[in-house]
Every structure is written in C-alpha cells, then in structure tokens.
**Q** 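The structure's right below; bear with me while I get my questions together.
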Amino acid sequence: MLSVLGCHGSAGATTVAVAVATVLGQPVRVVETGPDGSSGLAGFATAELGATGTGWVRGRRDQVILDRLQDGYASPDQVPVPDPDPAEGLSLNVLDPGWGLGAVALSAGGWVRSTVMDARALILVTTATVPGLRRLERDLHDLGPVQRRLAVAVHGPGRRRWPREVAYCVGPRTDALLEEASVHVPHDPGLAVRGLDTCPLPYGVLGAIRSITQLLGLDNAATHYQKGNT
C-alpha cells in the first residue's frame with residue numbers, strides 16, 4: 001500500500017492520492033480515513049456504489065475504487081479495516097489517512113498507524129509556504145531514518161520561484177528530499193475553488209503526479225492490501 005500524507009490541513013493530499021490512482025491507468029483503490037466531515041472523495045466519484053456494511057462507503061470513477069468512511073472516528077486507531085480487494089483485482093491501494101503524522105504516530109495502534117509508519121512507499125504533501133515547509137521538516141524528523149521510498153509533492157511554484165522567506169526556512173532534511181525526490185504541483189484556480197469534483201483533473205496536476213509515480217517506481221505497481229497484513 002502507498003501512503004499519501006498531508007503535512008498540514010488542506011495541503012492537497014487527497015488530490016495527490018486520486019491523481020496517482022488516475023495516472024497509473026490501472027485498477028487502483030483510494031482509501032480515505034479522515035475525521036468526520038473532512039472527506040475529499042465524496043465529490044470525485046462518478047458512480048456511488050453505496051455503503052458496504054462494514055463502515056465504508058464506496059464510489060467509483062473509471063478504474064479507480066474510492067472508499068471513504070461512513071461515520072467519523074475520534075482517532076486513527078478506531079478506524080475499521082477496509083474491505084478486501086474487489087473481485088476484479090487491484091494493482092495498488094493508496095491510503096489517504098486524512099490525519100496528520102502527529103495524530104497517526106501517537107495513536108494507540110491499528111492498521112492506519114502501521115500502514116503509515118511502516119510504509120515502504122510514502123508521499124508527503126505540503127505547500128510552498130513557511131508553515132508548510134516547517135511542518136514537512138518536522139514530519140521528516142518524526143519519520144526517522146527507516147528505509148522507505150519517499151517523495152514529496154509541493155503545491156505551489158517551482159523552488160526557484162519561492163519567496164525569499166520561504167526559501168530561507170528550508171531545513172536540512174527537507175533540502176535533501178527536495179533535491180532527490182520532489183515535484184511541484186502547480187496551482188489550479190478552478191480546483192482551488194471547487195475542490196475535487198467530477199471534472200477532469202487539471203493537466204498540470206496529472207503531469208506532476210506522473211513524475212512522482214516514476215520517482216517511486218509505481219508504474220508497474222503490484223502492491224496489494226491484505227487484511228491483517230499492512
């Protein structure tokens with residue numbers, strides 16, 4: 001399972017998660033576990049398949065399965081385990097926790113925590129702002145030196161166009177990751193106003209995310225989520 005983790009609220013993690021699923025052009029499932037009322041998937045599906053009976057609501061868009069929680073939960077460790085893979089088989093499961101790393105790491109346990117903290121592939125999502133880059137540095141520190149495929153998607157202009165105060169706040173871990181495995185996701189005014197809906201994802205966003213899938217070697221992904229083995 002690939003985890004896509006927002007470094008702060010409204011960083012754009014759900015947009016990155018569904019864009020990854022879209023550009024792979026294969027059967028992919030996006031699993032969103034955010035707090036009640038925070039779902040970004042509700043408007044993205046073109047077909048609602050309804051409640052699964054196990055605490056999840058399922059939608060679909062082309063080859064992408066979209067699973068979101070039916071009810072909210074107070075902490076990540078209370079989130080029920082997702083349903084098994086659909087019968088048609090999936091090339092990848094993408095987890096959008098909807099919780100910050102602090103909440104996930106401090107939770108008592110559960111599959112969300114183990115999936116994020118033990119992930120072999122992780123995309124961190126932030127914004128080209130002083131708070132966004134400071135929180136990215138903090139999350140990189142909290143994740144520690146565990147071996148994993150790691151990349152960052154930064155919403156905003158390319159690094160050379162950052163304001164001086166943004167460029168000066170880059171920490172050492174962030175600087176290394178920006179050099180090795182990062183893409184900038186261009187701002188799209190329509191997406192910023194509407195959020196995710198049934199309109200096609202902007203070409204610039206898809207192009208950036210295609211680059212990040214190549215960085216992580218996801219083009220031939222065959223990572224499967226299995227109940228009890230995240």
**Q** Mark yes or no for whether W99, through its side chain, and L5, through its backbone, hold a donor-acceptor pair below 3.5 Å.
**A**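 Such a contact is absent between W99 side chain and L5 backbone.
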**Q** Side-chain contact test, heavy atoms from C-beta onward, threshold under 4.5 Å: evaluate it for E32 versus L69 and give yes or no.
**A**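 With C-beta onward as the side chain, the pair stays apart.
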**Q** State whether the side chain of S91 and the backbone N or O of P27 hold a donor-acceptor pair below 3.5 Å, judged by distance alone.
**A**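 Looks like yes, one N/O pair under 3.5 Å.
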**Q** By side-chain hydrogen bond (donor to acceptor under 3.5 Å, both in side chains), which residues pair with D96, not counting sequence neighbours?
**A**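 Partners of D96 under the side-chain hydrogen bond (donor to acceptor under 3.5 Å, both in side chains) test: T14.
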**Q** Got a sec, which residues hit salt bridge (Lys or Arg N to Asp or Glu O under 4.0 Å) with D62, two or more places apart in sequence or on another chain?
**A**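 D62 satisfies salt bridge (Lys or Arg N to Asp or Glu O under 4.0 Å) with no other residue.
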**Q** Using residues 187-194 as the side-chain source, report each donor-acceptor pair under 3.5 Å to any protein atom, sequence neighbours left out, with the distance given to one decimal.
**A**
residue : atom : partner : partner atom : Å
D188    : OD2  : G190    : N            : 3.2
D188    : OD2  : L191    : N            : 2.8
R194    : NE   : D197    : OD2          : 2.8

**Q** Just so I know, are the side chains of V31 and R29 near enough to count as touching, which here means a heavy-atom distance under 4.5 Å?
**A**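 Sidechains of R29 and V31: in contact.
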**Q** Could you tell me which non-hydrogen atom of R149 sits nearest to which non-hydrogen atom of L218, and how far apart they are?
**A**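 R149 and L218 have their closest heavy atoms at NH1-CD2, 4.4 Å.
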**Q** Working to the nearest 0.5 angstrom, can you tell me the gap between T174 OG1 and L140 CG?
**A**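 So the gap between those two atoms works out to 5.0 Å.
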**Q** Taking only distance into account, with no hydrogens and no angle test, what donor-acceptor pairs under 3.5 Å do side-chain atoms of residues 163-172 form with protein atoms, sequence neighbours excluded?
**A**
none

**Q** Any salt bridge (charged side-chain N to carboxylate O under 4.0 Å, His left out) pairs touching residues 4-18, not counting sequence neighbours?
**A**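 Listed by first then second residue: nothing to list.
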**Q** So among T115, V94, D118, V116, which one has a side chain to side chain contact (heavy atoms under 4.5 Å, CB included) with M1?
**A**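 Testing M1 for a side chain to side chain contact (heavy atoms under 4.5 Å, CB included) against T115, V94, D118, V116 leaves exactly one candidate, T115.
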**Q** Any non-hydrogen side-chain atom of L143 less than 4.5 Å from a side-chain atom of L122?
**A**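 With C-beta onward as the side chain, the pair touches.
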**Q** Short question: side chain of T127, backbone of H155 - any donor-acceptor pair under 3.5 Å?
**A**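 Looks like no, no N/O pair under 3.5 Å.
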**Q** Provide the closest heavy-atom pair for S114 versus W111 in the form atom of the first, atom of the second, distance.
**A**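 Looks like OG-O, 3.1 Å.
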**Q** Would V28 end up clustered with V57 when hydrophobic side chains under 4.5 Å apart are linked, directly or stepwise?
**A**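 Hydrophobic grouping puts V28 apart from V57.
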**Q** Which distance, rounded to the nearest 0.5 Å, do you find between the CG of L90 and the CD of Q26?
**A**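 Here the rounded value is 10.5 Å.
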**Q** Would you say that L41 contacts V30 through its side chain, given a criterion of any heavy-atom pair below 4.5 Å between the two side chains?
**A**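 Heavy-atom side-chain distance check passes, below 4.5 Å.
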**Q** Hey, could you give me each pair passing side chain to side chain donor-acceptor pair (under 3.5 Å) that has a residue in residues 199-218? Not counting sequence neighbours.
**A**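 Not a single pair qualifies under side chain to side chain donor-acceptor pair (under 3.5 Å).
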**Q** Is D77 reaching over with its side chain to a backbone N or O of A108, donor-acceptor style, under 3.5 angstrom?
**A**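 Yes, D77 side chain to A108 backbone: donor-acceptor pair under 3.5 Å.
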**Q** If you measure from CG on L101 to CG on L124, what distance do you get to the nearest 0.5 Å?
**A**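 Taking CG in L101 and CG in L124, the distance rounds to 8.0 Å.
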**Q** Would you list the atom pairs, donor with acceptor, under 3.5 Å between side chains in residues 42-53 and any protein atom, with sequence neighbours excluded?
**A**
residue : atom : partner : partner atom : Å
T46     : OG1  : R60     : O            : 3.3
E48     : OE2  : R68     : NH1          : 3.1
E48     : OE2  : R68     : NH2          : 3.4
T52     : OG1  : T54     : N            : 3.3
T52     : OG1  : T54     : OG1          : 2.8
T52     : OG1  : W56     : O            : 3.3
T52     : OG1  : D83     : OD2          : 3.0

**Q** For R161, what residues pass the salt bridge (Lys or Arg N to Asp or Glu O under 4.0 Å) criterion, not counting sequence neighbours?
**A**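 R161: no salt bridge (Lys or Arg N to Asp or Glu O under 4.0 Å) contacts found.
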**Q** For residues H8 and L136, determine if any side-chain heavy atom of one lies less than 4.5 Å from a side-chain heavy atom of the other.
**A**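 They are not in contact (no side-chain heavy atoms under 4.5 Å apart), so the answer is no.
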**Q** Which pairs count as salt bridge (charged side-chain N to carboxylate O under 4.0 Å, His left out) when at least one residue sits in residues 127-143, sequence neighbours excluded?
**A**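 Sorted pair list: E137-R173.
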**Q** Examine distances only and state if a side-chain atom of R58 and a backbone atom of D67 form a donor-acceptor pair shorter than 3.5 Å.
**A**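 Absent.
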**Q** Carefully, step by step, assess V18 and V64 under the rule side chain to side chain contact (heavy atoms under 4.5 Å, CB included).
**A** CA-CA 8 Å; V18 298; V64 181; 5.9 Å; no
**Q** Could you list the residues that satisfy side-chain hydrogen bond (donor to acceptor under 3.5 Å, both in side chains) with S3, not counting sequence neighbours?
**A**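 For S3, no residue satisfies side-chain hydrogen bond (donor to acceptor under 3.5 Å, both in side chains) once neighbours in sequence are set aside.
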**Q** With a 4.5 Å limit on heavy-atom distance, are the side chains of L95 and L2 in contact?
**A**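 They are not in contact (no side-chain heavy atoms under 4.5 Å apart), so the answer is no.
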**Q** Taking only distance into account, with no hydrogens and no angle test, what donor-acceptor pairs under 3.5 Å do side-chain atoms of residues 176-185 form with protein atoms, sequence neighbours excluded?
**A**
residue : atom : partner : partner atom : Å
E179    : OE2  : R159    : NH1          : 3.2
S182    : OG   : L178    : O            : 2.7
H184    : ND1  : G156    : O            : 3.1

**Q** Under the salt bridge (Lys or Arg N to Asp or Glu O under 4.0 Å) test, which residues partner R120, sequence neighbours left out?
**A**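 Scan of R120 (salt bridge (Lys or Arg N to Asp or Glu O under 4.0 Å), adjacent residues dropped) gives none.
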**Q** Looking at side-chain heavy atoms only, is the closest gap between V205 and T15 below 4.5 Å?
**A**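 Side-chain contact under 4.5 Å: yes.
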**Q** How about V112 and Y73: do any of their side-chain heavy atoms sit closer than 4.5 Å?
**A**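 Side chain of V112 against side chain of Y73, heavy atoms only: no contact under 4.5 Å found.
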